[in-house]
Amino acid sequence: MPLKNIVNIRVHDCYWKYDYCCAATSLKILSEIFEMEVSQQIFSAVSGLSAGRNRLQCGLVQGMLMFLGIYFKEKDLEQDKIADICHEYVNAFQNEFSSIECKELRPRGFSPNDPPHLCEQITKDAIYFAVKFVYKVADEHNLK
């Protein structure tokens with residue numbers, strides 16, 4: 001099955017079967033695709049980010065930054081290099097999606113009457129973008 005289809009199916013499941021927030025959905029799917037164990041404690045912590053409620057940094061960015069820190073540390077990259085990769089990702093996300101702020105990315109903004117999971121499509125797009133970014137960086141550093 002093509003990667004994009006896998007991402008689409010898993011995002012839908014994470015939102016509608018498990019009611020995960022976007023940051024948790026991102027971390028969960030990325031960890032599955034890259035076969036990386038994430039402890040329940042870390043997975044619980046990512047759910048606490050919920051930046052969207054404050055309209056600040058998008059949870060899709062936060063979940064990916066957490067993933068990058070864990071994943072590339074397991075690949076034995078130095079902390080400074082991981083920080084550079086995270087910075088590069090934030091810039092790439094900003095260029096691709098025009099913002100890293102939830103208040104600007106969320107379709108139709110915020111309203112108390114919003115249906116759940118308004119961000120499903122951007123989540124699919126952002127996670128697919130994140131996967132391609134990880135593959136690119138891993139190739140640049142000759143990581144398997």
Side-chain angles (χ1 to χ4, degrees), residues 3-112 114-141 143-144:
L3 179 60
K4 192 161 193 137
N5 291 0
I6 293 168
V7 169
N8 290 346
I9 290 166
R10 291 301 296 132
V11 167
H12 186 80
D13 287 349
C14 284
Y15 277 164
W16 296 100
K17 278 187 179 177
Y18 306 108
D19 200 30
Y20 292 159
C21 71
C22 56
T25 296
S26 178
L27 182 60
K28 177 75 171 163
I29 294 169
L30 290 165
S31 68
E32 290 172 0
I33 289 171
F34 290 96
E35 299 176 352
M36 181 189 77
E37 186 74 28
V38 175
S39 73
Q40 185 57 48
Q41 187 176 26
I42 291 173
F43 190 70
S44 296
V46 75
S47 296
L49 294 173
S50 296
R53 293 182 181 169
N54 294 317
R55 282 97 168 139
L56 300 174
Q57 188 178 61
C58 176
L60 297 169
V61 175
Q62 293 175 328
M64 174 60 160
L65 293 176
M66 287 185 72
F67 173 81
L68 291 171
I70 298 166
Y71 183 74
F72 285 116
K73 186 63 177 173
E74 286 186 357
K75 299 292 183 185
D76 291 325
L77 286 184
E78 295 177 9
Q79 210 56 45
D80 288 346
K81 188 59 191 164
I82 295 169
D84 290 343
I85 292 167
C86 288
H87 182 74
E88 180 185 346
Y89 179 74
V90 170
N91 288 334
F93 189 97
Q94 172 98 26
N95 289 337
E96 181 72 15
F97 297 99
S98 301
S99 180
I100 63 166
E101 292 186 26
C102 186
K103 66 183 176 190
E104 295 173 3
L105 294 168
R106 186 175 162 91
R108 301 188 324 217
F110 290 86
S111 166
D114 284 342
H117 310 301
L118 276 176
C119 292
E120 185 171 356
Q121 186 57 54
I122 193 171
T123 301
K124 292 173 180 178
D125 297 340
I127 293 174
Y128 185 67
F129 177 78
V131 170
K132 292 189 303 184
F133 180 87
V134 173
Y135 282 136
K136 177 185 82 78
V137 171
D139 283 348
E140 289 170 357
H141 293 278
L143 303 172
K144 300 260 177 197

Test log, rule side-chain contact (heavy atoms from CB on, under 4.5 Å), inputs Ile29 and Thr123: CA-CA 11 Å; Ile29 294 169; Thr123 301; 5.9 Å; no

Pair His141-Phe72, side-chain contact (heavy atoms from CB on, under 4.5 Å): steps then yes or no: CA-CA 10 Å; His141 293 278; Phe72 285 116; 5.7 Å; no

His12/Asn8 under side-chain contact (heavy atoms from CB on, under 4.5 Å): CA gap, chis, key distance, verdict: CA-CA 6 Å; His12 186 80; Asn8 290 346; over 6 Å; no

Leu105 and Phe93: CA distance, side-chain angles, deciding distance, side-chain contact (heavy atoms from CB on, under 4.5 Å) verdict: CA-CA 11 Å; Leu105 294 168; Phe93 189 97; 3.7 Å; yes

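Between Phe129 and Met64 there is no side-chain heavy-atom pair separated by less than 4.5 Å. The shortest distance between side-chain heavy atoms of Ile33 and Phe67 does not fall below 4.5 Å. Inter-residue side-chain proximity for Val134 and Leu68 is flagged as met; some heavy-atom pair is nearer than 4.5 Å. Contact check for Leu65 versus Gln57: side-chain heavy atoms found under the 4.5 Å cut-off.
Counting all heavy atoms, side chain and backbone alike, Leu3 lies closest to Tyr135 at CD2-CE1, 4.1 Å. For the pair Ile127 and Ser26, the tightest heavy-atom approach, listed with the atom from each and the gap, is CD1-CA, 3.7 Å. Between Ile122 and Leu60, the closest heavy-atom pair is O-CD1, 4.0 Å. His117 and Tyr20 make their closest contact through CE1-O, 3.8 Å (heavy atoms, listed as atom of the first residue, atom of the second, distance). Across Cys21 and Val46, no two heavy atoms sit closer than the pair SG-O, 4.3 Å. Nearest heavy atoms, Cys22 versus Tyr15: CB-OH, 3.3 Å.
Put simply, CG on Asp125 and CD on Glu120 are 10.5 Å apart, with the number rounded to the nearest 0.5 Å. To the nearest 0.5 Å, the span separating CE on Met36 from OH on Tyr71 amounts to 9.0 Å. The line from CD of Gln62 to CG of Leu27 is 11.5 Å long, rounded to the nearest 0.5 Å. Between atom CZ of residue Phe34 and atom NZ of residue Lys75 there is a gap of 9.5 Å, rounded to the nearest 0.5 Å. Annotation: the span from Leu118 atom CG to Arg106 atom CZ amounts to 4.5 Å, rounded to 0.5 Å.
No more than 12 heavy atoms of other residues, nucleotides or ligands lie within 6.0 Å of CD in Gln41, so this atom counts as exposed by the packing criterion.
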Side-chain polar contacts of residues 83-90 - donor-acceptor pairs under 3.5 angstrom, sequence neighbours left out - could you list them?
{"from": "His87", "atom 1": "NE2", "to": "Asn91", "atom 2": "ND2", "distance (Å)": "3.3"}
{"from": "Glu88", "atom 1": "OE2", "to": "Lys136", "atom 2": "NZ", "distance (Å)": "2.9"}

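Taking the side-chain contact (heavy atoms from CB on, under 4.5 Å) definition, one finds that Glu32 meets it with Arg10, Lys28, sequence neighbours left out.
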